[in-house]
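Read the structure below first, then the notes.
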Amino acid sequence: IMQWSGYLVSLWRPLRAGSSTTKAQPTTVPPTCSTRRQAASIVPPVASPFVWSAKWSASDLATSGFAPDEATLAALQREAKGRYAKARISDRTEIAGGAPDGFDKAALSALAQLSALKSGAVDIKNKDVSFIGEAADEATAQAVRKALRLGVPQAFKLTEQIKYPKAAVAEGPGNYIMTISSDGTA
């Protein structure tokens, strides 16, 4: 029991806040031992504010911040590996408590839409989602905006700035440029 308790303390010590509990579970041990195996339940510290971000550029994706649990972290990692398969991925996301309801849906939606852009970033702070980036064209920018509005839960405040290159005006027959000189003649 002392070794197991020491193990729990070693896991718990780096946390700023949190709790741990153990439940005794009998196990089969040799007759010379009289110990019981313990199952641990460790509650991660609460992050306030609860933040997560992803930054995407040509061939690099960097994520950091917090995920509320192992399942959400695994889902974010699967999404990143699936959508950014050829990119270099740096993930510094850690587990913490304090996520708002719908965080997983907001983060997964934003991460998916970020992949449609040439570059960009998403920052989530509690229930505020900031999404900026550069699309290849206006149609892509509009599609990403629509998908974000549908994918990010309504309880979240979404702000987005997606830029795209303006189409050049084609010069050709029927396109005239008129100048007026200072003497009033055309």
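Since we're looking at a predicted model, the values are computed, not measured.
Geometric assessment of Lys166 against the ring of Tyr164 yields a positive cation-pi assignment under the 6.0 Å and 45° thresholds.
The backbone N or O of Thr140 sits nowhere less than 3.5 Å from a side-chain atom of Arg145 that would complete a donor-acceptor pair. Side chain of Tyr84 to main chain of Ser115: a donor-acceptor pair is present (N/O by atom type, distance under 3.5 Å, no hydrogens or angles). Put simply, the side chain of Trp52 never gets that close to the backbone of Thr93: no donor and acceptor are under 3.5 Å apart. Asn126 contributes a side-chain N or O that, together with a main-chain N or O of Phe50, makes up a donor-acceptor pair within less than 3.5 Å.
No side-chain heavy atom of Ile162 sits less than 4.5 Å from a side-chain heavy atom of Ile132. Side-chain contact between Phe156 and Asp128: absent, with no pair of heavy atoms (C-beta onward) separated by less than 4.5 Å. Side-chain contact check for Leu148 versus Leu158: some heavy-atom pair is nearer than 4.5 Å.
Side chains of Asp91 and Thr63: a donor on one and an acceptor on the other come within 3.5 Å. A donor and an acceptor atom, one from each side chain of Ser57 and Ser119, are nowhere located under 3.5 Å apart.
A salt bridge links Arg88 with Asp60: the distance from a Lys NZ or Arg NE/NH1/NH2 to an Asp or Glu carboxylate oxygen falls below 4.0 Å. At a threshold of 4.0 Å, the pair Glu134-Lys118 counts as salt-bridged, since one of the basic side-chain nitrogens sits closer than that to a carboxylate oxygen.
To the nearest 0.5 Å, atoms CG (Asp137) and CD (Gln142) are separated by 10.0 Å. Atom CG of Asp104 and atom CG of Leu73 lie 12.5 Å apart (nearest 0.5 Å).
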